[in-house]
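Notes follow the structure.
Here is how names work: the chains are called A, B, and so on, in the same order as the sequence lines, proteins then strands, and each is numbered from 1.
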There are 2 protein chains.
Amino acid sequence: MSNDFADRLVAARSPRRETKSLIYRHALRLFARHGYAGTSLREIAEAVGLEVPSLYTHIRSKRELLYDLMEFGNRDLLDRLARSVAAVPDDRPLDRLYLLVRENVISHCRHSDQTTVVFTEIRELSDDQRAKIVALRREIENLFRSALEAAVAEGVARPVNIAVTVFGALAIGRGAATWYRENGPLSPEEIGDLYGEQVVRGVLAPGSDWSSPGA
Amino acid sequence: MSNDFADRLVAARSPRRETKSLIYRHALRLFARHGYAGTSLREIAEAVGLEVPSLYTHIRSKRELLYDLMEFGNRDLLDRLARSVAAVPDDRPLDRLYLLVRENVISHCRHSDQTTVVFTEIRELSDDQRAKIVALRREIENLFRSALEAAVAEGVARPVNIAVTVFGALAIGRGAATWYRENGPLSPEEIGDLYGEQVVRGVLAPGSDWSSPGA
DNA sequence: CCTACCGATCGGTAGG
DNA sequence: CCTACCGATCGGTAGG
């Protein structure tokens with residue numbers, strides 16, 4: 001009697017890793033398209049091929065599901081940005097800034113669902129959850145901030161307002177996620193190059209010379 | 001018997017202009033804060049001091065309410081932008097670009113609820129409604145586009161990608177709406193000046209000279 | 001502008 | 001992983 005009811009129940013209750021990943025993938029897509037409040041657990045369950053109660057084997061609640069997606073999305077972006085300037089020496093702050101802007105644009109284009117959710121749905125989180133996400137955002141901002149501060153300190157950038165400039169640079173990438181299309185005329189790398197150059201030239205000190213590191 | 005039931009009914013059914021304006025005002029605030037899908041008509045009614053069915057004296061549906069807000073928001077922004085460059089001659093395209101970026105930033109800071117709703121909730125509209133809003137957006141983009149094209153044609157701006165640059169300039173203003181605070185250290189005008197200068201310098205042709213028209 | 005009410009749908013639980 | 005089901009809430013209507 002190895003196939004009796006209890007066995008089948010245990011098997012059905014054993015969460016599969018692939019299922020969890022499917023849930024996250026579809027939830028991200030649906031949240032990006034219709035918003036958190038505009039997406040029901042029924043829609044997520046249907047996309048995955050499950051009934052709603054089965055989702056609860058893998059998630060604790062709809063809100064925790066959103067939080068997990070937002071945390072992953074921000075960590076992922078932070079990692080990409082940190083890696084993009086890991087090899088650039090500290091004494092080339094404008095190159096660092098250029099590459100950060102570029103990578104930010106590329107990441108937002110390539111993972112636009114991720115960044116749509118990350119930036120739109122922060123209001124849906126609890127205070128505790130939001131505080132953790134904001135802390136991750138601060139780390140991302142600090143990468144830009146330190147590059148720009150160094151550039152100003154070295155005199156290769158004008159003495160611009162650091163925070164305002166960093167927010168602007170980040171907003172450009174977020175904006176790109178809203179209009180970038182995979183079959184459009186420009187690749188994420190090309191768009192990243194264009195914006196990277198514009199941001200750096202926008203802060204360049206009058207006498208300074210600079211050309212993009214890739215060129 | 002001038003105060004009988006029929007009279008009171010007629011009086012109660014006569015929509016007041018102030019009430020409609022109150023509904024729009026509170027709906028805008030609540031949609032900006034909690035999103036369209038995350039805001040119930042009950043919440044709007046309560047904020048105004050009515051019961052839900054009374055809203056229907058003033059609106060046709062929740063979605064039409066959203067559409068009206070989005071159309072007004074975009075027309076309002078378009079008007080402000082057009083007015084900001086109305087007095088600037090065509091042969092000063094960089095000044096026009098500067099003032100458009102500046103006014104866009106100022107408008108987004110001063111009416112952040114308006115622009116939050118305008119940019120976040122377009123997915124909630126019907127196809128017909130969305131087409132009309134997109135047409136308004138095109139008009140706004142075209143103001144930036146023609147200034148930038150003229151600057152490139154005159155050789156005072158580098159031959160940048162027009163669409164990409166315009167989207168970036170617009171995104172900066174939208175971003176400002178998310179972090180600007182009334183009691184912060186910078187006024188909308190100051191932020192507008194900073195971004196206006198950065199965008200123009202970002203596209204400035206290497207040999208060209210330019211300083212902001214206000215300075 | 002209100003009371004009374006509708007069917008539909010929501011996130012989530014009990015229990016196997 | 002499912003069926004059966006919960007109370008709460010949704011946008012909207014009837015009717016005065």
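For the pair A:H58 NE2 and C:dG12 P, the interatomic distance rounds to 16 Å; values are reported in whole Å. A:L55 places its CG atom 12 Å from the C1' atom of D:dC2, with the value rounded to the nearest Å. With rounding to whole Å, B:I59 atom CD1 is found 10 Å from D:dT13 atom P. Distance A:R60 CZ to C:dG11 P: 18 Å, rounded to the nearest Å. Rounded to an integer number of Å, the gap from CG of B:L30 to P of D:dG11 is 12 Å. One interatomic measurement links the two molecules: OH of A:Y56 to C1' of C:dG15, which rounds to 17 Å at whole-angstrom precision. As a whole-Å value, the separation of A:L50 CG from C:dG11 C1' is 16 Å. Taking atom CD of B:E51 as the reference point, atom P of D:dT13 lies 17 Å away to the nearest angstrom.
Residue pairs meeting the salt bridge (charged side-chain N to carboxylate O under 4.0 Å, His left out) criterion with at least one member in residues 110-123 of chain A, sequence neighbours excluded: A:R110-A:E189.
Between B:L94 and B:A157, the closest heavy-atom pair is CD2-CB, 4.5 Å. The two atoms that bring A:S146 and A:L143 nearest to each other are OG-O, 3.3 Å, heavy atoms only.
At C:dC1, none of the side-chain N or O atoms of B:T57 fall inside 4.0 Å of OP1 or OP2 (strictly under the cut-off). Taking side-chain N and O atoms only, B:S61 has no distance below 4.0 Å to OP1 or OP2 of D:dG11.
Annotation: side chain of A:V164 is not in contact with side chain of A:V160 (no heavy-atom distance under 4.5 Å).
We find that A:E46 and A:R42 are not joined by a salt bridge, their nearest charged nitrogen and carboxylate oxygen being 4.0 Å or further apart. Taking a cutoff of 4.0 Å between a charged side-chain nitrogen and a carboxylate oxygen, B:R201 and B:E197 qualify as a salt bridge. Between A:R145 and A:E149 no salt bridge is recorded (no basic side-chain N to carboxylate O distance below 4.0 Å). One finds a salt bridge joining B:R80 and B:D76 here, because a Lys/Arg side-chain nitrogen approaches an Asp/Glu carboxylate oxygen to under 4.0 Å.
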| When Watson-Crick pairs (N1 to N3 and N6-O4 or O6-N4) and G-U wobble pairs (N1-O2 and O6-N3) count only below 3.5 Å on both distances, what is the dot-bracket string of DNA chain C, with | for other-strand pairs? | ||||||||||||||||
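Two rings, from A:H108 and A:F119, have their centers less than 6.0 Å apart.
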Please list each protein N or O that sits under 3.5 Å from an N or O in nucleotides 7-10 of chain D, with the distance.
residue	atom	partner	partner atom	Å
D:dC10	OP1	B:S40	OG	3.1

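DNA chain C is contacted by both B:P53 and A:V52; B:P53 maps to the nucleotide lying nearer its 5′ end (nearest heavy atom per residue).
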